[in-house]
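Quick notes on the structure that follows.
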There are 2 protein chains.
Amino acid sequence: MKIATWNVNSIRSRLEHATNWLQANPDVDLLCVQETKVVDEQFPLAAFTDIDYVVDFYGQKSYNGVALIAKAPLENVRRGFAGVLPAADVGDLDAQKRVISAEIQGIQVVNVYVPNGSAIGSEKYEYKLAWLKLLKQYLTALLQENPDLLICGDFNIALEDIDLHNPEKRAKHIMSSDVEREALQDVLALGLQDAFRKFNQEPGQYSWWDYRAGSFPRDKGWRIDHHYLTPNLYDRAVGCVIDKAPRELTKPSDHTPVIVEL
Amino acid sequence: MKIATWNVNSIRSRLEHATNWLQANPDVDLLCVQETKVVDEQFPLAAFTDIDYVVDFYGQKSYNGVALIAKAPLENVRRGFAGVLPAADVGDLDAQKRVISAEIQGIQVVNVYVPNGSAIGSEKYEYKLAWLKLLKQYLTALLQENPDLLICGDFNIALEDIDLHNPEKRAKHIMSSDVEREALQDVLALGLQDAFRKFNQEPGQYSWWDYRAGSFPRDKGWRIDHHYLTPNLYDRAVGCVIDKAPRELTKPSDHTPVIVEL
DNA sequence: GAGTAGTTGG
DNA sequence: CCAACTACTC
């Protein structure tokens with residue numbers, strides 16, 4: 001089974017790219033997308049049902065938004081933290097639509113769009129840290145139901161220095177500060193391992209390149225889109241690759257897909 | 001010699017359409033464009049020089065803007081009314097960039113983007129009428145230098161009932177009210193005749209279709225883009241046609257080119 | 001640099 | 001409907 005993650009930076013702007021990619025990759029069973037930037041009523045559903053995919057979405061106007069695009073119906077689809085966690089714990093952290101989960105072939109899949117955090121120490125940075133804390137609580141609850149869990153998405157965090165092109169500046173940069181890394185490590189301490197690094201220990205492996213300053217042609221990227229797996233699944237994993245091709249197209253997303261095979 | 005007029009509704013948005021059209025119509029010596037919507041420093045000049053055209057432009061940010069795109073350098077290029085008319089007469093009517101003129105093969109060519117006028121009786125409607133009054137003064141001055149004059153462009157006026165699809169509503173509609181028609185007739189009284197009607201007396205000949213309400217597929221158009229000629233040139237004219245093809249393209253201008261042959 | 005939204009203008 | 005602008009976010 002193949003599961004992919006792709007921050008599309010607007011599902012409407014990237015509709016052709018997304019459907020073309022699915023058709024070029026017919027062995028992908030589930031594509032988890034982030035930053036759909038559209039309310040559910042306006043999600044471009046027909047483009048996917050026309051090519052025989054089913055879609056579950058959880059979106060909002062302009063910002064954020066996640067969706068699951070699959071070859072067959074998914075089970076137990078849950079939108080946001082509510083429904084899994086008590087409302088008192090969730091607070092207003094569901095106001096931004098950043099998490100959707102479902103089960104596929106007995107595996108619990110969680111698709112996340114972790115907050116960017118803007119700048120270290122900012123109000124958005126604190127939001128990012130609070131969101132990750134709640135994510136850990138959410139995963140803890142799901143793991144009690146199903147020990148085989150895969151969480152993928154845009155984490156907006158490069159965990160290791162080999163995951164970014166300019167590690168010398170990493171301590172003061174959003175997405176690579178110690179506090180963010182520790183917050184993510186705290187989530188992963190539930191027993192989650194990075195699928196990509198099971199197969200590839202090389203630096204220079206990126207999933208996101210800023211639109212600005214010719215980052216892509218200069219390959220000044222970051223690996224911030226991940227698949228993390230519980231032990232059983234990590235053992236089962238047979239491959240994990242970054243597909244740079246969609247980032248080469250005209251009017252691309254700034255992210256490119258990452259695909260894990262189980 | 002062939003001279004064309006085309007309101008491109010943003011030269012930057014229509015750059016491909018414009019260069020493709022020039023290459024598909026290599027016998028057009030001069031293309032007069034309107035609504036370039038760009039300041040001169042940002043005019044996409046290279047796209048035209050690369051295919052061996054010379055360009056003179058007179059533009060502003062967001063609105064209006066006119067340009068002359070020619071196979072060979074033009075003579076005596078004049079931007080705006082100033083330089084031809086006394087500043088006291090021009091007032092602030094050059095603040096909007098709507099007129100550029102030049103000489104080609106001994107012919108005085110004037111390229112205009114007449115104000116739309118918004119709604120009958122509005123402030124913009126009064127501006128349109130004042131602008132047309134000044135245009136007459138401008139043409140009077142140019143005619144003293146050269147009796148062979150061609151004025152073309154987007155006039156935002158349909159002079160006769162056969163020039164619009166819904167003449168029954170024409171009296172209360174901007175672009176076809178009596179006052180506007182009289183204002184334009186007063187300009188034409190200098191001795192200018194409509195090149196298109198020398199060759200074609202049929203109704204249903206349009207150069208503009210509103211983007212809204214499916215006007216183009218329903219052919220609910222207006223003929224508001226014209227070539228007016230002084231007597232010598234009118235006698236010399238051998239044809240005048242509307243080329244609907246560019247309006248069929250994806251992301252078209254709402255106007256399509258009109259070409260006169262002399 | 002590239003999305004979305006809202007506004008103005010046609 | 002389409003294009004420009006401003007303001008916002010990433």
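If you're wondering where the values come from, they're calculated on a predicted model, not measured in any experiment. Quick note on labels: first sequence line is chain A, next is B, and so on, each numbered from 1.
- The residue among A/Arg12 and B/Asp210 whose nearest nucleotide of DNA chain C is located toward the 5' end is A/Arg12.
- In this model, no donor atom of one side chain and acceptor atom of the other lie less than 3.5 Å apart for A/Ser122 and A/Tyr127.
- The residues B/Asp56 and B/Arg79 are annotated as salt-bridged, a charged nitrogen and a carboxylate oxygen being separated by less than 4.0 angstrom.
- For the segment residues 165-174 of chain B, the set of residues with a heavy atom within less than 4.0 Å of an atom of DNA chain D is empty.
- For the 3.5 Å distance criterion, the side chains of A/Ser177 and A/Tyr125 qualify, holding a donor opposite an acceptor.
- For the pair A/Ala213 and A/Gln42, nearest-nucleotide mapping onto DNA chain C gives the more 5' position to A/Ala213.
- The line from NZ of A/Lys220 to CG of A/Leu164 is 11.5 Å long, rounded to the nearest 0.5 Å.
- At a threshold of 4.0 Å, the pair B/Asp254-B/Arg212 does not count as salt-bridged, since none of the basic side-chain nitrogens sits closer than that to a carboxylate oxygen.
- Under a cut-off of 6.0 angstrom, the local environment of CD in B/Glu248 is crowded, with over 12 non-hydrogen atoms contributed by other residues, nucleotides or ligands.
- Looking only at distances, a side-chain donor or acceptor of A/Gln34 sits under 3.5 Å from a matching main-chain atom of A/Asn7.
- Within the nucleic acid shown, A/Tyr113 comes within 4.0 Å of sugar-phosphate atoms alone, with no base atom in reach, counting heavy atoms only.
- Protein chain B contacts DNA chain D from D/dC1 to D/dT6, reading 5' to 3' and using non-hydrogen atoms of the protein with a distance under 4.0 Å.
- For B/Ile100 against B/Ala67, the heavy-atom pair with the smallest separation is CG2-N, 4.2 Å.
- A salt bridge links B/Asp186 to B/Lys136: at least one charged side-chain nitrogen sits closer than 4.0 Å to a carboxylate oxygen.
- Of the residues in residues 242-249 of chain A, none lies under 4.0 Å from DNA chain D by heavy-atom distance.
- Checked against side-chain hydrogen bond (donor to acceptor under 3.5 Å, both in side chains), A/Asp94 has no partners two or more places apart in sequence or in another chain.
- When only modelled atom types and interatomic distance are considered, B/Tyr63 and B/Gln96 share no side-chain donor-acceptor pair under 3.5 Å.
- Here the range on DNA chain C touched by chain A, meaning any atom under 4.0 Å from one of its heavy atoms, is C/dG1 to C/dG6.
- Residues passing the side-chain contact (heavy atoms from CB on, under 4.5 Å) test with B/Tyr206, sequence neighbours excluded: B/His165, B/Trp209, B/Asp219.
- Counting only N and O atoms by type, the side chains of A/Trp21 and A/Asp243 include a donor and acceptor under 3.5 Å apart.
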